Amino acid sequence: MSIPENSAPGGLVHQAPLSLNQDFLCMYDRGDEEGPFGPRYHIVHGWRVRGEVDVEALQGALDDVVARHEALRTTIVRTPDDRHQAICAPGSPRLTLRDLSTVPPGDRDAAAEGLLIEAEAATFPSTALPLLRAVLARFDDRDAVLLLVSHHTATDGWSMRLIIRDLAHRYAVRCGHDLPALPEPRQYREFAEWQRALVGDPAVMDAPRRFWSENLRGARVFTVGTDRPRSAAAEPTTAVHRFLIGADVIGPALKLGRATRSSPFMVLFAAFAVFAERVGGSPDVVVPTFTPGRGGELFQYTVGSFFNFMPIRVDLTGCRTFREAVVATRNVCVDAYSHDVPQILAHAPELMLPAIEDDRAVCVFQVFPFPFLLDGERVGDLEYTEIRRRLVSQPLGSDVPDGALWTLNLDPCGDVIGCVAYKSGLFDEATVAGLVAAYQEVLAELVAAPDAVREPVEAAA
């Protein structure tokens, strides 16, 4: 791939080196039709919008957002001789209008979730600039759904909430509201340059390199068996299994976290480590997660694809109770996050060997609160509420490079909305649903009696 499909007027503006995150995606490059540079590697978010929407002002606000954030008009050039970011001049993103006036009021929430599923099953080429699209679906003159779709090489979940914040601001300004100007954002190319300078500085990187080399010595990543070998998997598509963990389980988990000075992630991850111990038959567990990778607050308000791949190793040997397992996990996580750097796998070349076996796949586990949550927030003439309670599974969704990606979202109402995105060529939905049910049973058991003595682990068959 070398030329954007829909180059913006004025063409190329800048060239910049790839970030190390983009280099990581290149490890899974399968061309422009599959994988992380293919048309199904996208991210979709939606909001209910109350108030009469001016379509012309909305289109103008979308144009403003694309002009403001370079990542939305950047393509990743990948040729045998060169890889770089090609940043183009601003263009106008596609805004699609949908009429949902025939949907009864009682069915509107389900229809809104159906729109999200439909958008996630659609395609969005990584060469089709700008890498932002919108759908405005109106139930009536004052009740609508606004969907934002972006290619995942250009954005992440945090970025999508930055985009809606900026879009709401620019829409209000275009409708005549006098709001304070938005601060100028740092651009993603600045992050790429900063990141490469960081990893080239021995004073910064020597300690993390030593830490990860020692921490992961002899370790092997946790994997689960697949329903079909990778070599026989005909379908490269990704399905999504969705589920809810109730407040009756999450409440005790959060209480245990407060008692042990542990974050919700640490408690839920500790339970996943116990689950992995039981499945894999070993108390020495390594499960990867993704960290924000934004350099602290330095690029907090930058739109782009940010993450660091971090394998967390928890040794549950000697943890007599789940409370002790949580404390052990907390200590491990504090050490790991204090050494959060890109390219950790370079210091543990044998860690991922189980994941390349033909009948095994890795599970990545992540937990998020809802950042920048718009929940009935009014900006100018419109009120925005994020559509976050999604529980309908789907056979086709946004792509994951391989294996299964577990995501737990902490809802402010006290429960957890979860999903597992998985390669449907490798796994049957029943298998994934069974793994989720087993994890939920383990979590409920552990948080209900955190001081109960743990049973010895029997090796998996």
Side-chain angles (χ1 to χ4, degrees), residues 28 30 33-36 38-48 96 98 100 103 107-126 133-137 145-153 155-157 160 224 226-228 233-246 290 361-368 370 385-411 415-440:
Y28 300 93
R30 300 181 65 181
E33 300 306 317
E34 294 180 14
R40 296 195 184 279
Y41 188 63
H42 45 29
I43 185 167
V44 181
H45 283 241
W47 294 264
R48 288 292 286 272
T96 301
R98 298 279 295 271
L100 299 181
V103 177
D107 295 337
R108 288 180 179 182
D109 288 348
E113 184 166 2
L115 285 170
L116 284 159
I117 291 173
E118 179 184 328
E120 288 173 341
T123 58
F124 191 161
S126 63
R133 294 175 179 175
V135 177
L136 179 67
V145 175
L146 176 63
L147 302 187
L148 294 179
V149 186
S150 180
H151 203 273
H152 214 340
T153 55
T155 55
D156 54 18
M160 294 298 279
V224 295
T226 61
D227 293 305
R228 287 166 292 280
E235 294 294 330
T237 54
T238 296
V240 183
H241 175 75
R242 301 186 186 278
F243 57 96
L244 182 73
I245 305 178
F290 288 114
V362 70
C363 294
V364 178
F365 185 86
Q366 54 187 6
V367 178
F368 295 120
F370 283 97
T385 299
E386 183 168 358
I387 302 169
R388 61 182 189 273
R389 299 191 68 79
R390 302 184 55 196
L391 296 173
V392 178
S393 299
Q394 56 196 85
L396 185 60
S398 301
D399 203 16
V400 294
D402 194 21
L405 174 63
W406 294 56
T407 303
L408 305 186
N409 287 296
L410 293 161
D411 195 283
D415 52 18
V416 158
I417 303 160
C419 70
V420 178
Y422 61 95
K423 284 297 187 186
S424 53
L426 299 179
F427 295 102
D428 294 329
E429 183 179 8
T431 300
V432 174
L435 290 170
V436 169
Y439 169 68
Q440 289 185 271

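Not measured: the values here are computed from a predicted model.
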Subject >> Approximate separation, where rounding is to 0.5 Å, of Leu244 CG and Cys419 SG >> reply: 12.5 Å
Original post:
In chain order, what residues pass the side-chain contact (heavy atoms from CB on, under 4.5 Å) check against Glu33, with sequence neighbours excluded?
Top reply: none
Subject >> Ser393: partners by side-chain hydrogen bond (donor to acceptor under 3.5 Å, both in side chains), with sequence neighbours left out >> reply: none
Original post:
If you round to the nearest 0.5 Å, how far is OG1 of Thr238 from CG of Leu426?
Top reply: 9.5 Å
**OP:** Tell me, with the steps shown, if Ile417 and Arg242 meet side chain to side chain contact (heavy atoms under 4.5 Å, CB included).
**Re:** CA-CA 8 Å; Ile417 303 160; Arg242 301 186 186 278; over 6 Å; no
Original post:
Any donor and acceptor pair, going by atom type alone, linking the side chain of His45 with main-chain N or O of Ile387 inside 3.5 Å?
Top reply: no
Subject >> side-chain contact (heavy atoms from CB on, under 4.5 Å) partners of Ala111, counting only residues at least two apart >> reply: Val103, Phe139
**OP:** Please assess Asn409 against Arg388 for the test side chain to side chain contact (heavy atoms under 4.5 Å, CB included), listing each intermediate value before the final yes or no.
**Re:** CA-CA 9 Å; Asn409 287 296; Arg388 61 182 189 273; over 6 Å; no
**OP:** Determine the interplanar angle of the Phe365 and Trp406 rings, folded into 0 to 90°, and report it as parallel if under 30°, tilted if 30 to 60°, perpendicular if over 60°.
**Re:** tilted
Subject >> Heavy-atom closest contact (Ala239 atom, Pro395 atom, distance) >> reply: CB-O, 3.4 Å
**OP:** For the residue pair Leu116 and Gln394, establish whether any side-chain heavy-atom pair is separated by less than 4.5 Å.
**Re:** no
Original post:
Do the non-hydrogen side-chain atoms of Asp411 and Val416 ever get within less than 4.5 Å of each other?
Top reply: no
Subject >> Listed partners of Val135 passing side-chain contact (heavy atoms from CB on, under 4.5 Å), at least two apart >> reply: Thr96, Arg98, Leu147
**OP:** Tell me, please, which residues at least two apart from Phe427 pass ring-ring contact (aromatic ring centres under 6.0 Å, His included).
**Re:** none
Subject >> Heavy-atom closest contact (Ala361 atom, Gly403 atom, distance) >> reply: CB-CA, 3.8 Å
Original post:
Is there side-chain contact between Val420 and Tyr439, with heavy atoms separated by less than 4.5 Å?
Top reply: no
Subject >> Partner set under salt bridge (charged side-chain N to carboxylate O under 4.0 Å, His left out) for Asp227, not counting sequence neighbours >> reply: none
Original post:
With a 4.5 Å heavy-atom cut-off, do Ile117 and Arg390 have their side chains touching?
Top reply: yes
Original post:
Which residue pairs pass the salt bridge (charged side-chain N to carboxylate O under 4.0 Å, His left out) test when at least one of the two sits in residues 426-438, sequence neighbours left out?
Top reply: Arg228-Asp428
Original post:
Say you draw a straight line from OG1 of Thr123 to NE2 of His151; how long is it, rounded to the nearest 0.5 Å?
Top reply: 9.5 Å
Subject >> Residues forming a side-chain contact (heavy atoms from CB on, under 4.5 Å) with Leu396, sequence neighbours excluded >> reply: Arg40, Ala121, Thr237
Subject >> Distance (rounded to the nearest 0.5 Å) between Thr385 OG1 and Trp47 CH2 >> reply: 11.5 Å
**OP:** Apply salt bridge (charged side-chain N to carboxylate O under 4.0 Å, His left out) to Glu113 and list each qualifying residue two or more places apart in sequence or on a separate chain.
**Re:** none
Original post:
If you look at every heavy atom in Arg30 and Pro236, which pair is closest and at what distance?
Top reply: NH1-CB, 4.2 Å
Original post:
Counting only N and O atoms by type, is there a donor-acceptor contact under 3.5 Å from the side chain of Gln366 to the main-chain atoms of Leu405?
Top reply: no
**OP:** Write out all pairs satisfying salt bridge (charged side-chain N to carboxylate O under 4.0 Å, His left out) with one or both partners inside residues 392-405, taking only residues at least two apart or from two chains.
**Re:** Arg230-Asp402, Asp399-Lys423
Original post:
For Arg108, what residues pass the salt bridge (charged side-chain N to carboxylate O under 4.0 Å, His left out) criterion, not counting sequence neighbours?
Top reply: Asp140, Asp143
Subject >> Where Val149 and Ala119 come nearest, the two heavy atoms and their spacing >> reply: CG2-CB, 4.3 Å
Original post:
Just how far is it from atom CZ of Arg133 to atom CZ of Phe124, taken to the nearest 0.5 Å?
Top reply: 4.5 Å
**OP:** Identify the two heavy atoms, one from Ile43 and one from Gly157, that lie closest to each other, and give their separation to 0.1 Å.
**Re:** CD1-N, 3.6 Å
Subject >> Partners meeting side-chain hydrogen bond (donor to acceptor under 3.5 Å, both in side chains) with His152 (sequence neighbours left out) >> reply: none
Original post:
Got Ser126 and Tyr41 here, is their nearest side-chain heavy-atom distance under 4.5 Å?
Top reply: no
Subject >> Interatomic spacing from CG in Leu148 to NE2 in His42 - rounded to 0.5 Å >> reply: 13.5 Å
